[in-house]
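To start, the structure under review is shown below, and the notes come after it.
To find a chain, count down the sequence lines: A is the first, B the second, and so on, and within it residues start at 1.
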Amino acid sequence: MEKRVKYKSFVKDPGTLGSLELSEVMLLFVPNDPKSDLKLKVQTHNIKSQKYTKEGSNKPPWLNLTSKQGRSHIFEFENYPDMHACRDFITKALAKCEEEPNKLVVLTPAEQLSMAEFELRFKLLRENSELQKLHKQFVESKVLTEDEFWSTRKKLLGKDSIRKSKQQMGLKSMMVSGIKPSTDGRTNRVTFNLTSEIIFQIFAEKPAVRQAFINYVPKKMTEKDFWTKYFRAEYLYSTKNTAVAAAEAAEDEELAVFLKPDEILAQEARQKMRRVDPTLDMDADEGDDYTHLMDHGIQRDGTNDIIEPQNDQLKRSLLQDLNRHAAVVLEGRCINVQSEDTRIVAEALTRAKQVSKADGEITKDANQERLERMSRATEMEDLQAPQNFPLAPLSIKDPRDYFESQQGNILSEPRGAKASKRNVHEAYGLLKESILVIRMTGLSDPLIKPEVSFEVFSSLTRTISTAKNILGKNPQESFLDRLPKSTKDEVIHHWTSIQELVRHFWSSYPITTTYLSTKVGKLKDAMSNTYSLLDAMKQSVQSDLRHQVSLLVRPMQQALDAAFQHYESDLQRRTAKIT
Amino acid sequence: MIFKIEDVTVYFPYDNIYPEQYEYMVELKRALDAKGHCLLEMPTGTGKTIALLSLITSYRLSRPDSPIKLVYCTRTVHEMEKTLGELKLLHDYQVRHLGTQAKILALGLSSRKNLCVNTKVLAAENRDSVDAACRKRTASWVRALSTENPNVELCDFFENYEKAAENALLPPGVYTLEDLRAFGKNRGWCPYFLARHMIQFANVIVYSYQYLLDPKVAGFISKELQKESVVVFDEAHNIDNVCIEALSVSVRRVTLEGANRNLNKIRQEIDRFKATDAGRLRAEYNRLVEGLALRGDLSGGDQWLANPALPHDILKEAVPGNIRRAEHFVHVLRRLLQYLGVRLDTENVEKESPVSFVSSLNSQAGIEQKTLKFCYDRLQSLMLTLEITDTDEFLPIQTVCDFATLVGTYARGFSIIIEPYDERMPHIPDPILQLSCHDASLAIKPVFDRFQSVVITSGTLSPIDLYPRLLNFTPVVSRSFKMSMTRDCICPMVLTRGSDQLPVSTKFDMRSDPGVVRNYGKLLVEMVSIVPDGVVCFFVSYSYMDGIIATWNETGILKEIMQQKLVFIETQDVVETTLALDNYRRACDCGRGAVFFSVARGKVAEGIDFDRHYGRLVVMYGVPFQYTLSKILRARLEYLHDTFQIKEGDFLTFDALRQAAQCVGRVIRSKADYGMMIFADKRYSRHDKRSKLPGWILSHLRDAHLNLSTDMAIHIAREFLRKMAQPYDKAGTMGRKTLLTQEDLEKMAETGVQDMAY
């Protein structure tokens, strides 16, 4: 990036014209006058901080860079956008500089981990005993490094950091009408303190004030006058002296705007009424009530309250304010402008409202949602069979849960039900079909139709669980439960550790670095170790269980065998290459 | 589930059923078999509506030769929508199990304002102007005119509907108002007229009370319902008030002024017709001589609100001679207005019986009783003859004619009360002449006579023996059901003292005491900090609520409440209240939590549910007594005492407690739900007040909870919420079954055990 600038070494310096070249690693100033010796080179990572003049202030667009050595360089730009562009660029470059050392951390051992991350890992281990066991077995025995171990579990680590993502600030629960003036105690003057937060809230709660601001400021009056007038009106309102308020409003039309009922609000209300849940719509109710047709029905038996007749123009009640306030707080901050400029805030709010109005036109979704909410409300939950299907949730911590829940599911299915006739091939066919569809039309949401995936899953689990059932005498109980507890735990533990090892093993291929090849070697040793442990376990169990245990162990051994085979062939290939 | 009750196979859309639902169905079936009326009280939150709907639709299926029609009356439109929602669920279930033979036509009916799809008509701002805008496009003379003058605007939806004539039918199904509108828009037919037409073919009609009880509306909507109908009044605890309101009418200064303007307009119209189309007026005169007030063949668009008097009280004879001519009738009305104006000028409250009012009217204005009686018919005829479409403009004169007709028709059960100002605001002159009905049995009598079964049901009908007296009928079944509890899912408490141990009450002499206001506020501040999601508060009146909220705002209590929950308030503006409710629900849905301030006897208390997380706590501030100094109330109490020997105090307490029970009863919807109820007034601890609460609340009101202070209530609430958060066995424990399966029901049928032990 290149920009035309004036370079100054100190503030009063008249400056040298030239051009500023920016790159990620350094910035370079070349004066226009080739004779000048004011050529400047600053390395990005040497920049400590940058300061700049604010737009709207009387100063020209200056950017002041302070280097780590304490020297400052001032650049005067031709205009603000140029300056901002440079500033952004430098900020990005600086951020990159800072990142680079972080990258190194990943490669170096865990000591350099941030404390928070370390705590998180520790917490995870503490909460999950299975994880802890694996960690102990592999990391402490140096089969895997700490980072290798965690790199396959990024999700566990990542979840919490996502949760920490920044949350939008809500609005204060305080009412704007609750802004109490402060008095100095001696004179009759009252002072209102106004912050940008309060202004935002006033604009959000009172669209008429917002509109008035856009209309009047700065054409008709200054911002200060505007707010003085606004608080004058608020003050009149709070004194509850409607006569005085009416008199002042009659004289001052700008003041009257603040005291009149808010028309924009009324319009919004009408719009919202169309989307309101019909089971709450009391307006419809009034529209149906012919008993209270003009002067019909009972008027004055004390059930109907009477309200003091008021000046219609100045009718505004605390209750309305409360409702409005709560509605705005509930809606939340609909814009994300952090500007000091009141006008920008007002305009942004108006725009946001218009957008939401346009959204209101597309009522199909809202309608759908409304209907859904209604049907949910009409159903009586506890009379129904439990709604949740007998499926384990998809984030499967322990695959055993899933299979066992499926097993029960299949048993409870009536015999000869249509579904059970479907076989694996059919499910396979369905899956193939949907893959074809994906190939044709690309990915869609959901990736695969829920029905298809359900079909595939259930037919797969059916075959698995039936195989399991044949083993057990009692179909309800899985074979695992009949093993002595120690053996069962051992089987499960072996299985998880084999999973861990195999996962690391296969993810290391193709071997491109020596680091990987040593890792594979370590893994292979650990695996063969486990293999022999499995054999030992098979021998040690009681003879009546031996057959079943060996059936259980077989897939594990098969997995290991496959890994060994691959290791051997790969090793041969590589040595062949070298020689 | 599908099970049998005696000879009827009941299709119930859930897998389980509460024992009380089953019992309810059994009783209801007996009443249907006996072709008589019944009175059933069942606590809210036990699925009354679905039990009722599935029994009656199943009953209809089991008697294919004499199909009954169900006319289901709700108090409000939103309840109508809810009922239709449940019916949809049921209908889907029945069709799934029985196929097309279970198909029914069910629809909701409402006014044009809620059904119209013509955007130009809908642009009118209130109901009456929507009605008028519709009539401007659909009246027969307007349509006739349009054949000559293409500039006359008609309604395409109505024209299409008329064109389709006999073919304009709704296919079977369940139609909410929204569905009707969608169907109408789709087909290009007017949903309002279509729905009104389909009433005679529908198997289930859901509409509001007044379509049966208010003769003005019932006269042109429900005239043709067959006797073999089952009429259900749901949430009927206030039915007596609806009945007396339907026959009451009043006249104010503005009414008289408006009526005078109307008469001027009518006069002009008459003159215009005389000059251009004198034949018309003559034809009308001849028709009246023949004794026909109205042409028999009124097309849909011409129909307008019917006679305010009950059908069998309307004389079927010729309009008296002295008002047959249009000008004469206008003169009579002028004299009537003048007389009413004089009467309104009073400085004292006057109470009079209709008989003496009519006789003084006769002697001073020369209007006979019979003439009065025909005022409505005569005006209706005149307006049709003059082809007046902007009915909303002519409401004042209609009001006066309705008044005249009613006062000429009824000598008993009414009184006329003239008040120069409202008792509570003596400084504002607002004279009013009220004809108020005291006898609820009058309006409902035609319904009892006309239909074979009338079911009156609600969550609060205690004491149940009072209703047959108030409404003057003999039920074949009258029962109050208890609630079988899986766990104590409601927790009523009586709070008599604040945290400073001073008594709290809304008794007149105490209600503005700052100590009471503060204690009430502190109670809420404490409660919102421990109760999750929604909290609802009911106050005894708007003015009281207004005052107390203003005080809380000044003293900072409101600010403390707002730190915990958002605050929404019922106001007298329905649109604002609706939006506030909608936002309240959103706030509860998203977990922010909110408090809703509402008024007993208000529109929200009448029909909005605060079930599940929408209401975990209801606070009833005070006892919602009626304003006992009201002249109308006094007159009614006197009448009740003289006619039914109901004591004044008893009636007032009964009325206040049914409102209170109604307010707090909105918190639970099923047994999986839970909620607390706080009665915050020392008067609730007295036995004579408390005992009027419905049994299902009383049975949970422990003695230890009868005299609590704020701190104790907080403690109990904490414990309760903790207990409710635990998982529990839905089917009931310790031998008490609170959830029955199909097998349970079959077993019961075998053993013949009908009454479950619960």
What pair of heavy atoms forms the shortest contact from [X] to [Y], and how long is it?
| X | Y | result |
| --- | --- | --- |
| A:Ala269 | B:Val575 | CB-CG1, 4.3 Å |
| A:Gly287 | B:Ser111 | O-OG, 2.5 Å |
| A:Asp281 | B:His78 | O-CD2, 3.7 Å |
| B:Cys590 | A:Leu330 | SG-CD1, 4.0 Å |

Relative to chain A, which segment of [X] carries a heavy atom at a distance below 4.5 Å: side chain, backbone, both, or neither?
| X | value |
| --- | --- |
| B:Met80 | side chain |
| B:Val130 | neither |
| B:Asn126 | neither |
| B:Gln434 | side chain |
| B:Glu554 | side chain |
| B:Tyr18 | both |
| B:Thr46 | backbone |
| B:Ile549 | both |
| B:Ile50 | side chain |
| B:Asn241 | neither |
| B:Tyr211 | side chain |
| B:Lys671 | both |

Are side-chain N/O atoms of A:Asp295 and B:Ser250 paired as donor and acceptor at under 3.5 Å?
no
To the nearest 0.5 Å, atom CG of A:Leu319 lies from atom CD of B:Glu570 at 10.0 Å
Rounded at 0.5 Å granularity, tell me how far CD in B:Glu81 sits from CG in A:Asp277.
9.0 Å
Pairs of heavy atoms under 4.5 Å with chain A: top-ranked of [options]:
| options | value |
| --- | --- |
| B:Ile432, B:Thr577, B:Val217 | B:Ile432 |
| B:Ala550, B:Pro308, B:Pro396 | B:Pro396 |
| B:Thr741, B:Leu109, B:Asp430 | B:Asp430 |
| B:Thr49, B:Leu395, B:Leu579 | B:Leu579 |
| B:Arg636, B:Glu79, B:Gln563, B:Glu419 | B:Glu419 |

Can A:Glu286 and B:Lys113 be counted as an ion pair, charged N to O under 4.0 angstrom?
no
Those residues at least two apart in sequence (or on a different chain) that pass salt bridge (charged side-chain N to carboxylate O under 4.0 Å, His left out) with B:Asp609 are B:Lys82, B:Arg666
State which residues pass salt bridge (charged side-chain N to carboxylate O under 4.0 Å, His left out) with B:Arg592; sequence neighbours excluded, sorted by chain then number.
none
Quick one: does [X]'s side chain have a donor or acceptor within less than 3.5 Å of a partner on [Y]'s backbone?
| X | Y | value |
| --- | --- | --- |
| B:Asn583 | A:Ala327 | no |
| B:Glu245 | A:Ile298 | yes |
| B:Arg127 | A:Asp288 | no |
| B:Gln210 | A:Tyr290 | yes |

Given B:Thr578 and A:Asp283, is the side chain to side chain donor-acceptor pair (under 3.5 Å) satisfied, shown in steps?
CA-CA 7 Å; B:Thr578 306; A:Asp283 188 41; over 6 Å; no
Against chain B, work out which of A:Lys272, A:Arg270, A:His296 has the most heavy-atom pairs shorter than 4.5 Å and name it.
A:His296
Side chains of [X] and [Y] in contact at under 4.5 Å (non-hydrogen atoms):
| X | Y | result |
| --- | --- | --- |
| A:Met282 | B:Val77 | no |
| A:Asp285 | B:Val574 | no |
| A:Asn323 | B:Thr571 | yes |
| B:Leu558 | A:Leu322 | yes |

Is the number of heavy atoms from other residues, nucleotides or ligands within 6.0 Å of CD (A:Glu263) greater than 12?
no
Check the surroundings of atom NZ in B:Lys603: do more than 12 heavy atoms from other residues, nucleotides or ligands lie under 6.0 Å from it?
no
Applying side chain to side chain contact (heavy atoms under 4.5 Å, CB included) to A:Leu293 and B:Val249, what does each step give before you reach the verdict?
CA-CA 9 Å; A:Leu293 195 72; B:Val249 63; over 6 Å; no
